[in-house]
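Reading through the structure tokens given below for one structure.
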Amino acid sequence: MLISNTPVEPYLVEGEEVLVKREDLSALPPAPPFSKVRGLLPHLDSLKRSGYSIIGYTETAISMAGWGVAWGCKEIGDLRAVIFDPQYKEPHPVLEYHRSMWKQFGAEIRPIKAGMARVNWNISRNLLRKAFGEKKSILLPLGLPLEQTIKATAVETRLTLDTYPNVRSIVVNVGSGTIAAGVWKGAHNWVEKDPTNRTISVYGIMGRTGDVQGKRKKITEKAGLALGDYGLFRSSVPFYLEDPHWEYMDRCDAPCPFPSHPYYDRKAWDWLVKNLSNLPKPVLFWNIGH
């Protein structure tokens, strides 16, 4: 089902070794190859135990989340996935493939007009409540920013640093910021276990341009940490958030020696390659999905 302590692979980049954490291998096929399934399965199990039987999700153009929800509901059992499917005039080939995976796992697919994700989420919630009621159905949040995912990623980060204690930089793609928060939290916990390891930094690379300060605040809140002297906690692990100014639907075709998602992780890999000379080494790249 889920794979603990996924492999780390070394690759040469301009003569420098970069370690790559293959979190895209967090679950065996036919699960989607992205690490948010770590928190998704326990979250779905919790919802089932709370009495929910209908699990809704509002999909976007290229996200794998709907695939994860459809797979997870079948994996847990006795859960019915309902995917709200935006109807684009020219659907992206990635979306067409994801639709085939929803069907493979028996999800109910409900077409909705394409539009802003947050607006579509509100529309989907109303449709779900009307069709199934509030006691049995629940609509998952956009991007699956689940607390269980943060905790599971933090555990995986600590396991990785236990094996590779000399790592000095971790680079990770930032979408919702959930995985980045988990990586930062895990690195912080690892350092707190042994304060002699206070030389590690985390670099979050935004796959979609936007409000850097706002995103940083959200990641800080998710991780339960603080930068500097404000807040209840202060992290000894620096967290840097970079915006290379990619748009969400921009595809990155930069060379990459391992399977990496061209709309997500490869954007962060491109940043790493361009900035490798300035990063403390060894460098670990956290590959969320492919």
(message) Tell me which one of Glu147, Gln148, Arg38 satisfies side chain to side chain donor-acceptor pair (under 3.5 Å) with His43.
(response)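 When Glu147, Gln148, Arg38 are each tested with His43, the side chain to side chain donor-acceptor pair (under 3.5 Å) holds only for Gln148.
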Would a hydrophobic clustering, with Ile, Leu, Val, Met, Phe, Trp and Tyr connected at side-chain separations under 4.5 Å, put [X] with [Y]?
{"X": "Leu79", "Y": "Leu128", "result": "no"}
{"X": "Trp271", "Y": "Met206", "result": "no"}
{"X": "Leu44", "Y": "Trp71", "result": "yes"}
{"X": "Leu127", "Y": "Ile138", "result": "no"}
{"X": "Ile200", "Y": "Val172", "result": "yes"}

Around atom [atom1] of [X], are there more than 12 heavy atoms of other residues, nucleotides or ligands at under 6.0 Å?
{"X": "Lys218", "atom1": "NZ", "result": "no"}
{"X": "Lys193", "atom1": "NZ", "result": "yes"}
{"X": "Lys48", "atom1": "NZ", "result": "yes"}

Where the side chain of [X] meets the backbone of [Y], is there a donor-acceptor pair that is under 3.5 Å apart?
{"X": "Ser63", "Y": "Glu59", "result": "no"}
{"X": "Asp78", "Y": "Ser53", "result": "no"}
{"X": "Trp184", "Y": "Val237", "result": "yes"}

(message) Any carboxylate oxygen within less than 4.0 angstrom of a Lys/Arg side-chain nitrogen, looking at Asp211 and Lys215?
(response)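 Salt bridge between Asp211 and Lys215, a charged N being under 4.0 Å from a carboxylate O: no.
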(message) Strictly below 4.0 Å, N to O, side chains only: are Asp45 and Arg49 in salt-bridge contact?
(response)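 Counted as a salt bridge, because a side-chain N and a carboxylate O are separated by less than 4.0 Å.
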(message) Looking only at side-chain N and O atoms, does Thr58 offer a donor or acceptor that is under 3.5 Å from a partner on Asn120?
(response)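 No pair is found: no donor N or O on one side chain lies under 3.5 Å from an acceptor on the other.
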Would you give me the side-chain donor-acceptor pairs under 3.5 Å for residues 6-15, sequence neighbours excluded?
| residue | atom | partner | partner atom | Å |
| --- | --- | --- | --- | --- |
| Thr6 | OG1 | Lys21 | NZ | 3.1 |
| Thr6 | OG1 | Glu23 | OE1 | 2.5 |
| Thr6 | OG1 | Glu156 | OE2 | 3.4 |
| Glu9 | OE1 | Tyr11 | OH | 2.5 |
| Glu9 | OE1 | Arg22 | NH1 | 3.1 |
| Glu9 | OE2 | Arg22 | NH1 | 3.2 |

Measure the [atom1]-[atom2] distance between [X] and [Y] for me, rounded to the nearest 0.5 Å.
{"X": "Phe84", "Y": "Ser124", "atom1": "CZ", "atom2": "OG", "value": "5.0 Å"}
{"X": "Ile170", "Y": "Leu284", "atom1": "CD1", "atom2": "CG", "value": "5.5 Å"}
{"X": "Asp24", "Y": "Ile288", "atom1": "CG", "atom2": "CD1", "value": "10.0 Å"}
{"X": "Met64", "Y": "Met101", "atom1": "CE", "atom2": "CE", "value": "11.0 Å"}
{"X": "Leu41", "Y": "Cys73", "atom1": "CG", "atom2": "SG", "value": "9.5 Å"}
{"X": "Asp85", "Y": "Ile109", "atom1": "CG", "atom2": "CD1", "value": "6.0 Å"}

(message) Do Pro42 and Lys151 have side chains that approach each other closer than 4.5 Å (heavy atoms only, starting at C-beta)?
(response)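 Heavy-atom side-chain distance check fails, nothing below 4.5 Å.
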(request) Could you please spell out the steps behind the salt bridge (charged side-chain N to carboxylate O under 4.0 Å, His left out) verdict for Lys274 and Asp270? (result) CA-CA 6 Å; Lys274 292 175 179 176; Asp270 180 60; 3.0 Å; yes
(request) Kindly say whether the aromatic ring centers of Phe34 and Trp67 come within a distance under 6.0 Å. (result)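 No.
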(message) What verdict does the side-chain contact (heavy atoms from CB on, under 4.5 Å) test give for Thr163 and Leu159, after you've listed the backbone C-alpha separation in whole Å, the side-chain angles of each residue and the deciding distance to 0.1 Å?
(response) CA-CA 7 Å; Thr163 306; Leu159 287 173; 5.9 Å; no
(message) Holding to salt bridge (Lys or Arg N to Asp or Glu O under 4.0 Å), I want the full list of residues that pass it with Lys103, two or more places apart in sequence or in another chain.
(response)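 Partners of Lys103 by the salt bridge (Lys or Arg N to Asp or Glu O under 4.0 Å) criterion come out as none, since no residue qualifies.
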(request) Tell me whether the guanidinium CZ or amine NZ of Arg266 lies under 6.0 angstrom from the six-membered ring centre of Trp269 and within 45° of its axis. (result)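 No, Arg266 and Trp269 do not form such a contact.
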